[in-house]
Colleague: 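Below is the structure I would like to discuss, written out as structure tokens.
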There are 2 protein chains.
Amino acid sequence: MATISDVAELAGVSTATVSRALNGKSTVDPELAARVLAAARELGYQPNGPARNLRRQEAAVLALVISDVENPFFTAIARGVEDVAHSVGYSVVLCNTDEDAVKERKYVDVAIQERVAGVIISPTATAAGVEQLTRRGTPVVAVDRPLPDRECDTVLVDTRLAARQATTHLVEQGYGRIGCVTGPSGLRTADDRLAGYRDALRSSKQRSSPRLVRRTEFKAAGAQKAAADLFAQEEPPDALLVANSAMAIGVLEALRAHALRPGRDVGVVAFDDVPWAGLVDPPMTVVAQPAYEIGTVAAQLLLARIADNTRAPTTTTLGARLIERGSTVRA
Amino acid sequence: MATISDVAELAGVSTATVSRALNGKSTVDPELAARVLAAARELGYQPNGPARNLRRQEAAVLALVISDVENPFFTAIARGVEDVAHSVGYSVVLCNTDEDAVKERKYVDVAIQERVAGVIISPTATAAGVEQLTRRGTPVVAVDRPLPDRECDTVLVDTRLAARQATTHLVEQGYGRIGCVTGPSGLRTADDRLAGYRDALRSSKQRSSPRLVRRTEFKAAGAQKAAADLFAQEEPPDALLVANSAMAIGVLEALRAHALRPGRDVGVVAFDDVPWAGLVDPPMTVVAQPAYEIGTVAAQLLLARIADNTRAPTTTTLGARLIERGSTVRA
DNA sequence: CTGAAAGCGCTAACAA
DNA sequence: TTGTTAGCGCTTTCAG
């Protein structure tokens, strides 16, 4: 593979000049620069990334560490990050932790080893090894969930408020035994959504019962079992707040299995406005989170911090929007 | 940040010994190796990836270049690739082309520059710059669509046959004016699905009319317009073969807008067994592609080729499975 | 404005 | 078994 020396030789200049020309430094004679460019093209020259990164002690790469590539919420974030990063010449590498602290640690290690310029992460409950990053001074932005110590820029959604509003909506629609299917304890979004749910019940004087709450993985299968379990009770819920869209699939399947119709029999609100939410029957009421915007904001914060790591950490909280559809109408 | 020399000094050995110990070479005295490991841990040593890759002339990284991170078909492939790659110590970086030849070219350049060990790609219609990879001898595996010259390992689904079977299923269910909504011309999967559709019509003696076929982006919005357009005709179709799941969303929305019920009024079969297919009313008949398996097979082929690039290119064709549900029942 | 040369951190001959 | 040493390809002083 052609190296910078090959280009230099062909262009009849030194490697230093080639480097300068190819990197668009102004201090190069236009005629020489043209010769260099021509030589590079002729040889099909592609710079050697590792060599450049070794020398520069940093790569123009951002790592995006998320917990589930198959969750549309996270892929939308990824889009936002990518769009911003690419517009300023950074690449993005996507890493998938599956909510597994071991995988998270491994990916953080990879990020450190590859000397990426910065990391955007939705930390697992334990935030295993994120501290490693901050300790080394690698810029970090947390998304979706805060880090325990909150020592880095953070982009969140006010998910507790959103859960409260969604639950209040259920109350206003006349549902009287509202349940909640949320994620594992310790996961901030799961806990916040549960807290918001309780806030709403409290302020509307509905009594809340642990028997109306189920916690499970943020997956369809777990939610299906949880919902089946809820409906098998003597006094089953007449409405549910569901903490994400994968879970919503499980809940809707359980409803169907019990011959319960969303809205009429059981009110349903789920987090995340997935494309199919309007297609199920009746259309599903959802809490729309600004996922793409989370990504763009996080990327901008990260780039700013890469440029200047002395700024104090900020926390940006974005709002969610309740989209009312048929699954919360009793009629 | 600690370097190998720091570790060497602390352990009282040479950098070569540190390197050997850390890489698990057998030729190191166990006692020394233990000292090295202790020193490395104490310093929080993380090897410098760029330096290692520069020296080795290769990174333990695979690039996966796909056309849409938000398409569940491709994220399932990504899972398959990751699972295999990680099991043998490779990392995977995901790149998103949006079916855009310019982005594809850019990502191929990045892959070359970073000297990744190999590339798995679902090439855009023009396959811009993939040739660059093969020319440089970078191992490549094409997934979902073949490359024009077929000079690399390829993992496909027999999508033409699957489309034919799906269409035949519609015929057998008694539909008599079957239409097709497929992707842009030049995209092999789009063309193959259309061809399979025509195969089926031909062998069942149904006449096919260009007025029953629409081509659009593989997205919901385009499919919605296409379907609306089809149903606005004097002789609208009474069934549709839809070439992917995003398009299916658009088609179902169009049906709803025209107050047409899937199955009873218009038979619907779509490619890809998305999690929500069973939740719409009636449940949607789909062609289930073995996406995860595509990913695992592609990764295995790529790893084999990285180990030995002299083998002749192979093409693996996997089968799809028709899952019959309510959207193709007239009753 | 250009070139010579040092060196980023690591691995792999080669020597001992 | 261990150490010495020569680069991998690039950027960036420092001289000229």
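So that the names make sense, note that chain A is the first sequence line, chain B the second, and so on, each numbered from 1.
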Colleague: Is it the case that the side chain of A:Thr3 and the backbone of A:Met1 share a donor-acceptor pair, with hydrogens and angles ignored and the cut-off at 3.5 Å?
Modeller: no
Colleague: Distance under 4.0 Å to a non-hydrogen atom of chain A counts as contact; along DNA chain D, which nucleotides mark the start and end?
Modeller: D:dG9 to D:dT13
Colleague: Give, ordered by number, those residues of residues 53-62 of chain A having at least one heavy-atom distance below 4.0 Å to an atom of DNA chain C; if nothing qualifies, reply none.
Modeller: A:Leu54, A:Arg55, A:Gln57
Colleague: Indicate yes or no for a side-chain donor-acceptor contact from A:Arg35 to the backbone of A:Ala11 under 3.5 Å, with no hydrogens or angles considered.
Modeller: yes
Colleague: Let me spell it out: for each of A:Thr27 and B:Thr3, pick the nucleotide of DNA chain C with the closest heavy atom. Which residue's pick is nearer the 5' end?
Modeller: A:Thr27
Colleague: Would you give the length of the straight line joining atom CG of B:Leu133 to atom CG of B:Leu147, rounded to the nearest 0.5 angstrom?
Modeller: 9.5 Å
Colleague: With respect to A:Val7, which candidate in A:Val18, A:Thr15, A:Val13 satisfies the side-chain contact (heavy atoms from CB on, under 4.5 Å) definition?
Modeller: A:Val18
Colleague: Identify whether any heavy atom of B:Pro50 sits under 4.0 Å from a base atom; if not, whether one sits that close to sugar-phosphate; answer base, sugar-phosphate or nothing.
Modeller: nothing
Colleague: How far apart are the C-alpha atoms of A:Tyr292 and A:Asp83, what are their side-chain angles, what is the distance that settles it, and do they pass the side chain to side chain donor-acceptor pair (under 3.5 Å) test?
Modeller: CA-CA 10 Å; A:Tyr292 180 85; A:Asp83 287 351; 2.6 Å; yes
Colleague: Using side-chain contact (heavy atoms from CB on, under 4.5 Å) as the criterion, point out the one residue from A:Thr314, A:Val81, A:Asp153, A:Leu303 that pairs with A:Val141.
Modeller: A:Asp153
Colleague: Examine distances only and state if a side-chain atom of B:Asp98 and a backbone atom of B:Asp100 form a donor-acceptor pair shorter than 3.5 Å.
Modeller: no
Colleague: Tell me if the CZ atom of A:Arg115 is crowded by more than 12 foreign heavy atoms within 6.0 Å.
Modeller: yes
Colleague: Taking only Lys NZ, Arg NE, NH1 and NH2, and the carboxylate oxygens of Asp or Glu, determine whether B:Asp68 and A:Arg79 approach each other closer than 4.0 Å.
Modeller: yes
Colleague: Identify, with sequence neighbours excluded, every residue that meets side chain to side chain contact (heavy atoms under 4.5 Å, CB included) alongside B:Ala291.
Modeller: B:Phe73, B:Ala76, B:Ile77
Colleague: Could you tell me whether a side-chain N or O of B:Glu114 sits under 3.5 Å from a main-chain N or O of A:Gly49, the two making a donor and an acceptor?
Modeller: no
Colleague: Hydrogens and angles aside, do A:Asp109 and B:Gln46 bring a side-chain donor and acceptor to less than 3.5 Å of each other?
Modeller: yes
Colleague: Where does the chain A footprint on DNA chain C start and end, counting 5' to 3' with a 4.0 Å heavy-atom cut-off?
Modeller: C:dC1 to C:dG9
Colleague: Using five pairs at either end of the helix from C:dC1-D:dG16 to C:dA16-D:dT1, determine the angle between the two local helix axes and round it to 10 degrees.
Modeller: 40°
Colleague: Which parts of residues 4-25 of chain B get close to DNA chain D, meaning a heavy atom less than 4.0 angstrom away?
Modeller: B:Val13, B:Ser14, B:Ala16, B:Thr17, B:Arg20
Colleague: Determine yes or no for a side-chain-to-main-chain donor-acceptor pair under 3.5 angstrom, with A:Asn23 supplying the side chain and A:Lys25 the backbone.
Modeller: no
Colleague: Just wondering, more than 12 heavy atoms not from A:Arg305 lying within 6.0 Å of its CZ?
Modeller: yes
Colleague: Using a strict 4.0 Å threshold on nitrogen-to-oxygen distance, state whether B:Lys106 and A:Glu82 make a salt bridge.
Modeller: no
